[in-house]
Amino acid sequence: MQQQILLLSLWLVSLLSVPCSSFTSCPTKCSFPSPPTTKTAGETTHLFASSPTTSQVDDLLSQLQKEAKEVGECAQILGEAIFKSDAEVKAEDIVQICDALDALKEQSSENDNGDTSTLVSSRLQLRKLALQTKRYEWLVKLMKADYDAYIATASFVSPSRIPRMELPNLQDVPMDNTLLTNVEKVDAATATATTTNASSSQLNDENTGLPLVADCELDNMEYQESLLDKILLSIFRKLVVQNTGGVTSEKESILGLVEQARTYMLQPGQTAEAQHKMVKDTLAGLMTPVLPPFYRIFMSGIVPKNLGTDYDGKQFGPWFYAPFLTSFVTPTFFGFLVGPSHVNRRKDGRLGGLVVEKCKFLQESGCKGLCLHQCKLPAQEFFKDELGLPLTVQPNFETQECQWSFGELPVPPKEDPYFPSGCLVGCESRKQIAANGGNADACN
């Protein structure tokens, strides 16, 4: 029995060891070889009935030892990622991990050419996953310990060595250094950030002289709407019609919502407060009367009113898990408005971050005023006042990315160094506001 089990193990290892191109029994080259057999005088007998050779046993044991060693080294890499203190992580550590990943890529190419010493671990990409996890965790630790060093390091290694969306936070990491007027560069050995001021002129409106903000120069993203996105967007647009007194649009999808929002914003006598209230009422309707009370209790730690206790209405949260869980479920239910997004870290390195890859509403509207008064500010107010969880929404008008940081207190736009003054250069609302006699500086 032991011999048969050992031979079965050898056969299973052989399945992983034989390249797909060597299988000739199937036109697709994807079939597996049959168990090894031997032919006798009148019958075919499986080798499982015979004894393994010493060399077969030695080869199997040697490969199992190498696999176990590889798994142990990967576990050690994960241990280093977790247990190294924040203060110990340096910029050169991140660069060294990138070097290790590059070397691993070359080694993988060699394995494809016949090296099968750790074939199982290689096919599962255990070392690659361990190194990527270590790199991410150490970037988070660096961000917590020295934010400036994190920005300098991330600017140096991304996107050339680390995909931009694999960074734990993007708020101050430039998309392309050549496009910025305030470029941070980093020395690979010391991660010392230096500032270079490029010559650039301030953009101003030729009619009013008010400052302008450069448009995003990246290609537009083509959004793929799921069935859930279409249903939620349809409900949201109907709620907008209800909360704006009948403002509608014949255009479909997000373009129709943008036209509704712009029409409402350009109404005579319109105020920022009225726009905020409209969006908050729409969000409340979308969440139904059930979800906000549930969220306030189990996420924000707010005691319901009218219980007849001394604690009615008092808040004991938000609970520690609220920022992360909120960031985890948000992409599913708000993708219809903002497009693809994924969980990342807040600027302080803590959980509860969410980055929008390229905001759908901002891309299609091209209007900073709509972004400010019908997204950023009302969303922040809704989460804080209605749900009991602080929220900071930080759009990046150069990339149209947007960072949502749940559990982080926002600052007023006029005091926010990340929120530039002035309208976007290509904004279609700006001239209409001025023509209607409104404040053409309404984006501030």
Side-chain angles (χ1 to χ4, degrees), residues 216 220-292 295 326 329-341 354 356-383 385-387 391 393 395 400-402 404 424 426-430 432-433 436 438 442-443:
C216 174
N220 283 349
M221 177 180 286
E222 294 185 5
Y223 302 99
Q224 301 297 326
E225 293 183 342
S226 66
L227 178 61
L228 178 63
D229 291 337
K230 294 178 181 179
I231 293 174
L232 291 175
L233 182 57
S234 176
I235 296 173
F236 193 86
R237 290 189 60 183
K238 291 178 181 178
L239 290 170
V240 169
V241 173
Q242 175 182 327
N243 294 319
T244 56
V247 175
T248 186
S249 169
E250 295 183 357
K251 294 182 179 180
E252 297 181 353
S253 190
I254 188 67
L255 296 179
L257 178 62
V258 168
E259 185 170 81
Q260 288 176 271
R262 199 189 306 274
T263 300
Y264 186 67
M265 181 183 71
L266 297 178
Q267 287 181 342
Q270 186 60 270
T271 63
E273 292 74 18
Q275 295 180 71
H276 300 173
K277 184 179 184 304
M278 181 273 293
V279 175
K280 289 188 289 185
D281 290 344
T282 302
L283 289 174
L286 185 67
M287 295 187 72
T288 75
V290 177
L291 290 181
Y295 190 99
T326 305
V329 301
T330 297
T332 301
F333 298 102
F334 278 89
F336 75 96
L337 279 177
V338 299
S341 61
L354 175 76
V356 177
E357 295 182 21
K358 200 169 190 292
C359 179
K360 180 193 295 187
F361 187 73
L362 179 57
Q363 173 182 291
E364 301 303 336
S365 68
C367 179
K368 187 163 159 277
L370 288 175
C371 171
L372 178 66
H373 294 301
Q374 296 194 29
C375 183
K376 173 181 166 64
L377 292 182
Q380 291 177 170
E381 293 172 4
F382 180 79
F383 269 87
D385 300 338
E386 302 299 326
L387 302 181
L391 167 65
V393 178
Q400 293 181 342
E401 297 166 339
C402 190
W404 289 50
L424 293 172
C427 178
E428 295 294 329
S429 307
R430 180 162 42 93
Q432 296 184 48
I433 294 175
N436 293 338
C443 293

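Listed for the Ser234 side chain is no donor-acceptor partner under 3.5 Å among the backbone atoms of Lys230. Here the side chain of Glu401 pairs no donor or acceptor atom with the backbone of Pro395 at under 3.5 angstrom. Counting only distance, with no hydrogens or angles, the side chain of Gln400 and the backbone of Cys216 share no donor-acceptor pair below 3.5 Å. Distance alone, capped at 3.5 Å, is enough to place a donor-acceptor pair between the Ser249 side chain and the Lys251 backbone.
No side-chain heavy atom of Leu370 sits under 4.5 Å from any side-chain heavy atom of Cys375. Side-chain contact between Thr244 and Gln260 is absent, with no heavy-atom pair separated by less than 4.5 Å. Contact annotation: the side chain of Leu337 approaches that of Leu257 to within less than 4.5 Å [non-hydrogen atoms, C-beta and beyond]. Looking at Met221 and Pro340, their side chains come closer than 4.5 Å, going by heavy atoms from C-beta outward.
Under the rule for a ring pair (Phe, Tyr, Trp, His ring centres under 6.0 Å), the partners of Phe236 that lie at least two apart in sequence or sit in another chain are Phe336. By the ring pair (Phe, Tyr, Trp, His ring centres under 6.0 Å) test, Phe361 pairs with no residue at all, sequence neighbours left out.
Inspection of the Ser253 and Tyr223 side chains reveals no N or O donor paired with an N or O acceptor under 3.5 Å. A donor-acceptor pair shorter than 3.5 Å cannot be found between the side chains of Lys238 and Gln242.
In this structure, the separation between CG on Asp229 and NZ on Lys360 is 5.5 Å, given to the nearest 0.5 Å. The distance from the CG atom of Asp385 to the NZ atom of Lys280 is 5.5 Å, given to the nearest 0.5 Å. Taking CD1 of Ile235 as the start and CD1 of Ile231 as the end, the distance is 7.0 Å to the nearest 0.5 Å. Atom-to-atom distance recorded for Asn243:CG and Asp281:CG is 5.0 Å, nearest 0.5 angstrom. With values rounded to the nearest 0.5 angstrom, Ser429 atom OG is found 3.5 Å from Met265 atom CE. The CD atom of Glu225 sits 6.0 Å away from the CG atom of Leu233 when rounded to the nearest 0.5 Å.
Across every non-hydrogen atom of Lys368 and Leu424, the tightest pair is N-CD1, 3.9 Å. The two residues Cys367 and Leu362 come nearest to each other via the heavy atoms O-CD1, 4.1 Å. Nearest heavy atom pair, residue Leu239 against residue Gly285, reads CD1-C, 3.7 Å. Of all non-hydrogen atoms in Ala379 and Leu391, the two that sit nearest each other are O-CD2, 3.8 Å. Among all heavy-atom pairs drawn from Lys376 and Val393, the shortest one is NZ-O, 2.5 Å.
Legend: ring-ring contact (aromatic ring centres under 6.0 Å, His included) pairs involving residues 238-280, not counting sequence neighbours, sorted by first then second residue: His276-His373.
Under the side chain to side chain contact (heavy atoms under 4.5 Å, CB included) test applied with Gln363, the options Val338, Ile254, Asn220 reduce to a single match, Asn220.
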Subject >> Candidate pair Val247 and Gln267, rule side chain to side chain contact (heavy atoms under 4.5 Å, CB included), full reasoning >> reply: CA-CA 10 Å; Val247 175; Gln267 287 181 342; 3.5 Å; yes

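Ring planes of Phe383 and Trp404: perpendicular class, angle over 60° (limits at 30 and 60°).
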